[in-house]
Amino acid sequence: MILEYILFAILGLVAVVTSVAMITRPSPVMSAIFLVLNFFALAGLYLLLNAQFIAVVQVIVYAGAIMVLFLFVLMLLNTDSEHAILKEKRKLKFIGIFIAVLVFIQIGYIVFYSAPSDSVTKEIAESINAGKIETIGTELYTTYVLPFLASGFLLLGATIGAIVLAMKKFE
Amino acid sequence: MTANTEIFQLLPHLVIGVGIVLSVVIEISTKKSESILPWFTILIFVFAGAHSIINVYDYQILFGGMYAIGGVTAIFNFIFTIGAAIMVLNAVDYIKKSKMNFGEFYILVQSSVLGMMLMAGARDLFMIFIGLELMSICFYVLAGINRSRMGNTEAALKYFLLGAFATGFIVFGIALIYGTAKSTSIDQIVFAYEYFITDVLFLTGLALFVIGFLFKIAAFPFHMWVPDVYQGAATPVTGLMSTTGKAAAFSVLIIILSAVFTQNITNNFEILFAVIATLSMLYGSIVAIAQDNLKRMLAYSSIAHAGYMTIGLAAGNIESVSGIIFYLTAYAFMNLGAFGVIALIEGSNEENLDINSYSGLNSKSPILAGFMALFMFALAGIPPMAGFFGKYYVFVASIKADLTWLAIVGVFSSAISVYFYLRVVVYMYFKDSTSSIIIKNSFTGLLAVIISGLLVLVFGILPDTLFSIITSVLSY
Amino acid sequence: MIELIYLTILLPLLGFVINGFFGKKIGNEKVIGLIGSSTVGISFVISLLALIETINLPVEQRTNVVELFTWMSVGSLNISFSYLVDQLSLVMALIVTGVGFLIHVYSIGYMHGDKGFYRFFAYMNLFIFAMMNLVLGDNFVVLFLGWEGVGLCSYLLIGYYYDQKFEKGTVAQAAKKAFIVNRIGDFGFLLGMFLIFETFNSLNFLEVFSQAKHLTGAESTFGFIALFLFIGATGKSAQIPLFVWLPDAMAGPTPVSALIHAATMVTAGVYMVARASIIFASAPVILAVVAVIGLLTAVFAATIGLVQTDIKKVLAYSTVSQLGYMFLAAGVGAFSAAIFHVMTHAFFKALLFLGAGSVIHSMHHQQDIMHYGGLKKYMPVTFLTFIIAAFAISGFPGLSGFFSKDEILWFSYANGNFVYWLLGALTAVLTAFYMFRLVSLTFFGEERFSHDKYHPHESPKVMTIPLIILAVLSVIGGWIGIPEVFSGEHGNVFHNWLAPIFLDAELKLAYYGAHSHTEELILMAISVSAALFSMYGAFKIYTQRREIAEKFALKFKKAYMVLLNKYYVDEFYEATVIQPIQKSSEKFLWKIADNKLIDGIVNGTAVVITSFSSVIKKMQTGVAQVYALIMMTGIAAILFWIILSL
C-alpha cells in the first residue's frame, strides 16, 4: 500500500515536471523528448491503476511510434527559429502563471474539501478490470460499439483534415 | 434487440457515414467530382433531415442507453442537416471562386455534421466527447481551408488552440463527473442528479463540462475567439460554425441539464447562467455597434444571441428548453441566410465585407437587398420574422422562472441591437452606391438565400408548426 | 360582415403583394393606383357593413371575436390570429380605411411621375395592413405585430426620398431616427406585455381586462404595467420625451405625413391606452402622469409651432400638440373624448396635410411659408378646404374640432383641475394663432415668390376631390358627438356608442363630479372667444402688419431662438444619450474586444496590432494567449463562485 503511494508520487511528479519542461523548452526537439518522458510516466500511472493493456499501448503507440515519427519530422524540418515565444510579454506571462496557479489551487481546494473516499476510486478501478485485453475487447464490441464506430469516423476526419492542411504547406 | 440490428435504427447516421466513405471514393475516382459532390452531399443531408423529422415521434434508446433517436434529437438533426445543406448550396460557387480543394471540403462538412448528430443523440459522456471532437476537428480544418486568404490560417490556428484548451476542461469535467457518479451514462446521471449535485466534486465537474460548451456556443467570457475566427474563416464555413455548431453545443447542454428542466429541481447554475447571459447580450450588442466589417458584426451579434439563448438555460424550465430549441432553429436559418448574402456580395477574395459595399444594394439587386433586410430584421427580433418568437419564448420562460429582470435586460439589449442591424438596411436602401461591386450571378447561392428566407418567414408566421412538435416531443 | 372582417386586413396585404412584386412589371400608374386604393376602399366598405351589422345587434352582443388561426401556444399562453370587432375597434378601423382610402386616391395624383410609384403604393398598402392588425387584434401580440409593422412602414416611407438632403442631415437619417426612437418606446411596450403576462397569465384582451376588473390591491403592479405601456405610447404617439422623431418624419412624401404621421399611426398610442383603459384606471398615479405628459406636450409643441417656417413642420408640431390633447383626455379618464378627438383630428389634420401637399405640389416642392403668399387665387379649392380645416382645428363653433376639443377641455376641468383646463385652453389659443399664421402667410398677403420660377396652379381632380370629402367630414364629423349640454341627457351619440367599452374603467375611476352645465358653458365661452380672438389677431398680423411679428421676435430674441431651435431637445439627446453610447462602443468596449486596452494594460503601452504578415509573429504578440487568459480568468471566477457557495 505504501509502495503504491510512493510510486504514484514519483510518477506524478515526473509527469508534471516533464510536461512543464515540455512547454517551456525553446527547442522543439527537447520538447518532444520531454513529451516522450511524460508518456512513460503516464504509462506508469496506468499500471498503478491496474490497466496494464492501456499502459503497454501508451508506450508502444504514443511513446514508441507517434513520438518517434514526430521527432523525425522536427529534425528534418530543422525548426529552430522559435526562440522568442513568450519573451515579448513578460507581464502577460506572469499574469498567466498567476491565473493558472489560482485555478490549480481552487481545484485542489475543492478536491480536498469534498475528500472523495479511498474506496470510491478503488471500486471504479476494479469494476472496469481494464487489465485484460479480453475485457477491453468485449466491452468495445458490446457496450461501447457505437463510440468505437464513431471513433473510426473521427480518425477518418482527422486524417483528411491533416492531409488538407499539409497539402497547403507544400503548395 | 441485439446490437447488430440496432445499428439500422440509425439510418440517417448510416447514410451520412456511408456518404463520407463514398465521397472519398468519388473524389478519388472521377474528375467530375466537382459537380457531383455538392449535390450528393445535399442529397444525403436532405434525406437524413427528412428521415429525422418524419420519425420525430419515434423516440428510442439504443445500444444499452448509449444513444437515443427521435424526439429532441431528431429536431436537432433536422437543424444540422438542413442547415448544412443550405450551407453547401451557398458554398458551391464560393469554392469555385476561391479555388479551394473542393472534394475534401464536402467530406469535412459531412463529417462535422455526423459529429453534431452524434453529440445530439449521445446519452453517454464518451459518445458526446467523440461527437464533439469529430465536429471540432472538422471545424478547425474548415476554418483554415481557404489557403488563398490572409488571416485564414491564423483563424484556424487560434480556433484550434483555444478549442483544444476548452476541450481540456471538458475532459477534466467528465473525469470529475465519472469519479463521483461512477458512470458516464447520462440517463443515470440525470436520474440521480438531485443526489449527485450535493457533491461539490460533481458540481465542479459539471461546471467545467458546461464551461467547455459555453466556449463552443461563444458565451461571454469564453467568446474571445469568435470575432477573429468568424472573420477569418471562409464565409460559408462561418455560417455553419455559428449556427449548427452552436446548436450542437446547446443540444449537449440541454441533455446534461435535463434533470433541471424536467424534474423541477433547483437550478444550481441559475445565477451563473444569468450573469453569463447578461454579459454576453450586452457585450455582444454594444460592441457590434462599432463594427464596419459585416462578418465581424455578425460575430458579435452571435455572442449576443448566445446570451439570449443562455437566458433559457438560466430559466431552467420546460418552456425554456422549447424556447431555446425554437430559437436555435430560427437563428440557424436567419444567420445562414445572412451569411449567404454576404457570400454573394463579398467578391472573389472576400474583399467586399465592409458595410459600404452594401450601399445602394437595393438598386443593384432588389432581391438580395430584400432578403438581407429580412434577415437583419429577423436577427433584430422584429415580428413576424422567426427571430421574434425565438426571443419571445425564451423571455416568457424566464419570466415564468421569476427572472423578470433577465428578460428586461434581454429586451433592453435587443433594443440596442436594432441599431447595427438597421444600419445595414439603411446602407442598402437609403444610400447610393459608392463602389462598383459586381454581384456574381450564382444560382445555388441565391437558392440558399431564398430557402433560408422562406424558412425564416414560415417559422415566423406559423411558429406553431415547429413549436407544437418541440413541445410534444419534450414530454418524453 | 363581422365574420368577414379579416378581409379588411387581407385585402391591403394582397394589394401590397401585387404592387410590391409585380408593380414594376405592371408599370401603368393608373392600374397600380387603382389596385392600391381599391383594396383599401373595399376594406372600408366591409368595415362600414360590419359597423351597420354591429349597430343592429343588442348592446351586450356587440363584442365579437373572429378567429383566423392559432398562431402559437406556449403552455398556458395561447395566441391566435384573431380579431376583436367591437365598438372601439370598428371606429378605428373606419378611420384607418376611410381616411386611408382618400389619401391613397390623392396619392395617385401627388405621386404622378415618381419613379418608385409602385413601391410607394406597395408600402402604403403594407402600412394599412399593419395598422388594421394593430386596431383589430384581439390580443397584445397581434397588436404588437401591427405596432412593429407600422413602425417599419413608417421607416420605409420616411426614407422614401432617401437620396435627398433633409435639414442638417439626410432623409435616411431622419428615417433611422424615427425607427430607433420608436424602438425605445417598443422596449417599454414589450416590458409591459411581459408584466401583463406575468400578472394575468394571458395576453388576450378580453381575458386580461376581465381579470383586471376584479383584481384589487395590486396597485403597484398595475402602475408598472401602465407605465411601461405608456412609454410605448409616448414613442409611437410622439409625446415627451420621445416626440423628437415626428418633426423629422416630415422628410417623407406628404401623403405619408397625412396618413401615417397625422391621421393613423401616431394615434396608435392613444388607441392602446384607451383599449387598456381598465389597466390605466387601476393605476391612478400613472393616469395622472399620462394627463400631465399629454398636457405638457400639447403646450410645448404648440409654442414651437408658433415660429416654424416650414409648412409641414408647423403641421407636425401641431400634430404632436393635438396628440397631447388626446393623452390629456385619456389621462383624466375621458377615454371616449380621446377617441372622438382621434377621429376628428384624423379628418382635419389629414386635410391640412393634403392641402399642404397640394400647395407644395404646385410650388415645386418649396416648403418654406415665407416664400408663399397670395396663393388663394391660384388654387381656390385647396384654399377653401384648407381654411375649413384650419377653422376646425382651431375649434370654431359648429365644426368637428370644436366638439371634440371642448369635450376634452371640459373633462380636464371636471375630472381634473383648473390648471389642466387653463393650459389646455392656452394650447387652443396657440393652435388658433399658428394655424392662422400659416393660412395668412400661405394664401393671403403679397406674393413672395418669383413668377419665373414658380407657377402655382390648382391640383388635378384626383387630388382635390379627396380634399373636398375631407372638408365635408371636418365640418360635419363632429355632429355625432355633440355634448350633452346642447343635445340633452344621453344625447352624445358617439359617447353612448363607446360607453360599454369604457364602462369598467369609468366605474373604477368613479368621477361623479357635480358640475353644472352653466359652468361648462362659461368655460366654453371663454376658451372659444379667446381662440377666435387669437385667430383674428394672427390673421391681422400676418396679412397686414407683419412688422409687429418681426419686432416681437427681435425683442424676445432669446426666447425666439429657443423656440426656433425646438428647445434644443435634439441637441440635448445627442449629447447625453447618443454620443455616450457610440463613444463607449467605439472608444472603450471595442478596444477591449480588440485587445488594445488589454495590451495596453499588459505592456504599459497600447500596442496596436497591424501586421498580419506572419501567423507566428501575431501569435507572439500574444493575442491567442490573451484570449486563453481571459477564458482562464472566467473559469477562475466560476470556481470562486463554487467555492463560495460551499
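Per chain, numbering begins at 1; letters A, B, ... match sequence-line order.
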Pairs satisfying side-chain hydrogen bond (donor to acceptor under 3.5 Å, both in side chains), at least one member in residues 404-417 of chain B, at least two apart: Ser285(B)-Ser413(B), Tyr308(B)-Ser413(B), Thr404(B)-Glu198(C)
Structural part of [X] lying under 4.5 Å from a heavy atom of chain C:
X	result
Phe220(B)	neither
Ala380(B)	backbone
Asp402(B)	side chain
Leu214(B)	neither
Ile211(B)	side chain

Heavy-atom pair count under 4.5 Å with chain B, highest-scoring of Ile642(C), Ile643(C), Asp186(C): Ile642(C)
Contact winner vs chain B - Ile635(C), Leu195(C), Leu191(C), heavy-atom pairs under 4.5 Å: Ile635(C)
[X] and [Y] aromatic centres sub-6.0 Å:
X	Y	result
Phe215(B)	Trp225(B)	yes
Phe140(C)	Phe144(C)	no
Phe209(B)	Phe213(B)	yes
Tyr393(B)	Phe467(B)	yes

Part of Leu190(C) within contact of chain B (heavy atom distance under 4.5 Å): side chain
Side chain, backbone, both or neither of Ala637(C) within contact of chain B (heavy atoms, under 4.5 Å): neither
Sequence-distant partners of Arg119(C), salt bridge (Lys or Arg N to Asp or Glu O under 4.0 Å), two or more places apart: none
Nearest non-hydrogen partners of Ser398(B) and Ala315(B), listed with the distance: CA-CB, 3.7 Å
Validation row: Phe22(C), Tyr118(C) side chains within 4.5 angstrom (heavy atoms): no
Trace of the side chain to side chain contact (heavy atoms under 4.5 Å, CB included) decision for Leu203(B) with Phe269(B): CA-CA 9 Å; Leu203(B) 182 70; Phe269(B) 294 109; 3.9 Å; yes
Leading residue by heavy atom contact count with chain C [cutoff under 4.5 Å; candidates Val411(B), Ile470(B), Val275(B)]: Val411(B)
Residue pairs fulfilling salt bridge (charged side-chain N to carboxylate O under 4.0 Å, His left out) with at least one residue in residues 634-646 of chain C, sequence neighbours excluded: none
Between Tyr159(B) and Asp228(B): side-chain donor-acceptor atoms closer than 3.5 Å: no
Residues from residues 148-157 of chain C approaching chain B under 4.5 Å (heavy atoms): Glu148(C), Leu152(C), Tyr155(C), Leu156(C)
